[in-house]
Amino acid sequence: MRVITGSARGRKLTAPEGLDVRPTTDKVKEAVFSAIQFDIEGAYVLDLFAGSGQMGIEALSRGAKRAVFVDNSQKALRCVNNNLRSTDLEKYADVVNRDSYDYIKHISRKFDIIILDPPYRYNHINNILPYVSAKLNDGGFVICEYESDSQIDIIPDELKLKKTYRYGKISISILYKESAEEEEL
């Protein structure tokens, strides 16, 4: 696992050990960031269920202004902090020890990119999307990683599906919130 491009290009990242952690492959990460490449520069990013933090770190490496990493696992947060130090990106990051649902429900800040890569088999994507859509800036993106045999049942009205990618047992859906200019057209 490594940072694909940007200021931390080629830096190796570590992932916490355990069955709940499934690091996103470089192929999948490349597809996701290619799809939103022109919207990363200067973005505020939220990496919920952060795990290793690799997706938020990739966004920072590609020019995101700030990233918040949220996880309730101490092991995961140690890994995120180590990965931020090894990439020299810690000054652009906030690492929060909190339940992702609790965080998204109570934070007042809005974000340009929100990354959701929760543990599989618990329907987290469907349950948290209504809260996430309320914290997304107009023109922003939600990146959802989930099992291919699952699906996003209900997309909140203010979000639209941009694209879904399937890679074996993994699916990635990119949702977006229209900007005011797009809504007027």
Side-chain angles (χ1 to χ4, degrees), residues 20-25 27-60 62 64-72 76 96 98-185:
D20 287 343
V21 179
R22 317 149 327 287
T24 303
T25 66
K27 179 180 179 179
V28 172
K29 191 167 37 171
E30 181 64 44
V32 167
F33 283 97
S34 291
I36 63 168
Q37 65 184 330
F38 301 113
D39 299 289
I40 300 169
E41 187 74 34
Y44 281 84
V45 176
L46 174 59
D47 192 344
L48 287 176
F49 309 98
S52 67
Q54 71 160 324
M55 296 294 281
I57 289 170
E58 186 72 35
L60 286 172
R62 291 174 182 242
K65 186 172 189 168
R66 190 128 197 105
V68 178
F69 299 85
V70 179
D71 207 299
N72 62 358
V96 179
R98 197 162 171 189
D99 175 77
S100 292
Y101 286 93
D102 187 54
Y103 182 84
I104 200 71
K105 287 177 185 178
H106 295 101
I107 190 72
S108 59
R109 167 179 288 269
K110 288 193 172 191
F111 296 89
D112 302 305
I113 299 170
I114 299 176
I115 300 162
L116 301 175
D117 185 8
Y120 290 170
R121 304 227 182 266
Y122 298 103
N123 207 26
H124 288 300
I125 299 283
N126 288 307
N127 293 332
I128 205 166
L129 265 179
Y131 302 105
V132 166
S133 68
K135 305 302 176 164
L136 188 65
N137 285 324
D138 290 350
F141 293 91
V142 181
I143 299 163
C144 307
E145 182 174 333
Y146 53 96
E147 293 171 300
S148 287
D149 61 359
S150 297
Q151 62 184 15
I152 299 175
D153 294 325
I154 300 172
I155 297 175
D157 290 340
E158 55 275 358
L159 296 178
K160 307 288 182 227
L161 178 64
K162 178 177 181 171
K163 180 95 176 161
T164 295
Y165 302 90
R166 296 197 196 297
Y167 297 95
K169 295 179 179 180
I170 296 172
S171 288
I172 301 281
S173 289
I174 301 175
L175 309 172
Y176 68 97
K177 188 180 234 181
E178 289 182 327
S179 64
E181 297 86 41
E182 290 173 319
E183 289 176 12
E184 291 175 5
L185 298 176

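Quick caveat: nothing in here was measured; it's all calculated off a predicted structure.
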| query | Under 3.5 Å, is there a donor-acceptor pair between the side chain of K177 and the main chain of S133? | reply | yes
| field | Closest non-hydrogen atom pair, D112 against G42 | value | OD2-O, 4.3 Å
| request: Is it possible for you to check whether K163 lies under 6.0 Å from the centre of the six-membered ring of Y165, through NZ or CZ, and within 45° of that ring's axis? | output: yes
| query | Would a 4.5 Å heavy-atom cut-off, applied to side chains only, mark L175 and L129 as touching? | reply | yes
| query | Are Y44 and N137 side-chain neighbours, meaning at least one heavy-atom pair lies under 4.5 Å? | reply | no
| Atom CG in L159, atom CD1 in I174: separation rounded to 0.5 Å? | 13.0 Å
| request: Quick one: pull up OG in S52 and CZ in F69 and give me the separation to the nearest 0.5 Å. | output: 9.0 Å
| field | G168 to S148 - nearest heavy-atom pair and separation | value | O-OG, 3.0 Å
| Step-by-step salt bridge (Lys or Arg N to Asp or Glu O under 4.0 Å) determination, E158 to K135 | CA-CA 11 Å; E158 55 275 358; K135 305 302 176 164; over 6 Å; no
| Say you draw a straight line from CD1 of I104 to CD1 of I114; how long is it, rounded to the nearest 0.5 Å? | 4.5 Å
| query | Taking side chain as C-beta onward, heavy atoms only, is I36 less than 4.5 Å from I143? | reply | yes
| In terms of side-chain heavy atoms, does Y146 have a donor or acceptor partner in H124 at a distance below 3.5 Å? | no
| message | How close do K162 and A35 get, counting heavy atoms only, and between which atoms? | response | NZ-O, 2.9 Å
| field | Pairwise distance CG(L60) to NZ(K65) - rounded to 0.5 angstrom | value | 12.5 Å
| field | Exercise: identify the closest heavy-atom pair between A43 and I113 | value | CB-CD1, 4.0 Å
| field | Atom pair CG (D47) and CG (D117), whose distance is rounded to the nearest 0.5 Å | value | 8.0 Å
| said: Counting C-beta onward and ignoring hydrogens, is there a side-chain heavy-atom pair between N126 and I154 closer than 4.5 Å? | reply: no
| task | Can you establish whether the number of heavy atoms outside D153 located under 6.0 Å from its atom CG is more than 12? | result | yes
| request: Check each of V132, T164, L161, I152 against C144 using the side-chain contact (heavy atoms from CB on, under 4.5 Å) test, and report the only one that passes. | output: I152
| field | Separation of M55 CE from L116 CG (nearest 0.5 Å) | value | 10.5 Å
| Do the rings of F49 and Y101 sit parallel, tilted or perpendicular, given the 30° and 60° boundaries? | perpendicular
| said: What I'd like to find out is whether the side chain of P118 reaches to under 4.5 Å of the side chain of I125, using heavy atoms alone. | reply: yes
| Do you know the tightest heavy-atom contact between N127 and P130? | O-CD, 3.7 Å
| query | So do Y176 and D39 actually touch side chain to side chain, heavy atoms under 4.5 Å? | reply | no
| request: Of all the heavy-atom pairs spanning D102 and D99, show the shortest one and how long it is. | output: N-OD2, 3.0 Å
